[in-house]
Amino acid sequence: QVQLVESGGGLVQAGGSLRLSCAASGRTFSSEVMGWFRQAPGKEREFVAAINWSGFNTDYASSVKGRFTISRDNAKNTVYLQMNSLKLEDTAVYYCAADPSASSWYSRRYPPEYNYWGQGTQVTVSS
């Protein structure tokens, strides 16, 4: 069983930066994959980024590649999402997700591929 809690959301101007955190507790595995998703009002939840346990394997949605960076600190059991050059279309509720049963790395871009989810944190980008 894994519990996830996101934090760090808020209001930021276009072109600015924000760092999200996801603190994990409970049972985890060395093969665990962590991901970030986002959901805008009236839209489907969409993939943002994913990372494996070691942090050496990462994947990004084309819409955020080059602007966002996913990382993790296993000593703190925390995953981060550094968001730079924010755009108005980045406005959404951002969710942290975990797949502790992952046996190998591959691009996990769909919600059903994850077992646990956080409560979400709001990110609002203004002009």
Side-chain angles (χ1 to χ4, degrees):
Q1 187 174 5
V2 177
Q3 295 81 44
L4 306 174
V5 180
E6 303 97 331
S7 62
L11 177 64
V12 63
Q13 290 187 345
S17 299
L18 208 60
R19 184 192 295 270
L20 305 183
S21 298
C22 173
S25 62
R27 186 77 172 96
T28 58
F29 301 89
S30 61
S31 59
E32 181 178 343
V33 172
M34 302 290 293
W36 285 97
F37 288 75
R38 65 187 183 185
Q39 187 167 18
K43 303 294 182 63
E44 296 290 322
R45 190 168 299 188
E46 67 175 359
F47 171 78
V48 176
I51 189 169
N52 75 331
W53 187 90
S54 69
F56 292 133
N57 292 308
T58 58
D59 184 39
Y60 297 92
S62 60
S63 59
V64 306
K65 192 172 186 178
R67 299 189 298 119
F68 291 10
T69 301
I70 187 171
S71 62
R72 65 192 300 168
D73 185 340
N74 290 334
K76 296 181 179 180
N77 213 15
T78 300
V79 179
Y80 304 95
L81 184 68
Q82 177 66 46
M83 305 183 293
N84 298 326
S85 302
L86 284 162
K87 304 175 180 179
L88 293 177
E89 50 264 46
D90 293 320
T91 295
V93 176
Y94 283 70
Y95 297 91
C96 179
D99 178 13
S101 65
S103 59
S104 62
W105 167 257
Y106 64 90
S107 181
R108 293 172 168 83
R109 291 170 165 259
Y110 301 95
E113 296 177 297
Y114 294 84
N115 305 101
Y116 301 96
W117 295 84
Q119 83 289 350
T121 185
Q122 177 70 47
V123 172
T124 302
V125 183
S126 67
S127 60

With [X], which residues qualify under side-chain hydrogen bond (donor to acceptor under 3.5 Å, both in side chains), at least two apart?
X	result
Arg67	Asp90
Tyr95	none
Asn84	Ser17, Gln82
Ser71	none

Tell me, please, which residues at least two apart from [X] pass side-chain contact (heavy atoms from CB on, under 4.5 Å).
X	answer
Ser126	Leu11, Gln13
Ala40	Lys43, Ala92
Thr58	Ile51, Tyr60, Ile70
Ser7	Ser21

Open item on the list: Taking salt bridge (Lys or Arg N to Asp or Glu O under 4.0 Å) as the definition, give me every residue that meets it alongside Arg19, ordered by chain and number, with sequence neighbours left out.
Closed with: none
Task: Non-neighbouring partners of Glu113 that pass salt bridge (Lys or Arg N to Asp or Glu O under 4.0 Å), sequence neighbours left out - done: none
- [ ] Using the salt bridge (charged side-chain N to carboxylate O under 4.0 Å, His left out) rule, collect all pairs that involve residues 114-127, keeping only residues at least two apart or in two chains.
- [x] none
Open item on the list: With side-chain contact (heavy atoms from CB on, under 4.5 Å) as the criterion, how do Phe68 and Leu18 come out once you've worked through the C-alpha distance, each side chain's angles and the decisive distance to 0.1 Å?
Closed with: CA-CA 10 Å; Phe68 291 10; Leu18 208 60; over 6 Å; no
TODO: Quick one: list whatever passes ring pair (Phe, Tyr, Trp, His ring centres under 6.0 Å) with Phe37, sequence neighbours left out.
DONE: Phe47, Tyr114, Trp117
TODO: Compute both the distance and the angle, then confirm whether Arg108 meets the cation-pi test with Tyr110: under 6.0 Å from the six-membered ring centre, within 45 degrees of the axis.
DONE: no
Open item on the list: Are Met83 and Leu20 packed together at the side-chain level, in the sense that at least one heavy-atom pair is separated by less than 4.5 angstrom?
Closed with: yes
Open item on the list: Rounded to the nearest 0.5 Å, what separates atom CG in Asp99 from atom CG in Asn52?
Closed with: 11.5 Å
Task: Straight-line distance of Asn74 CG to Met34 CE, nearest 0.5 Å - done: 9.5 Å
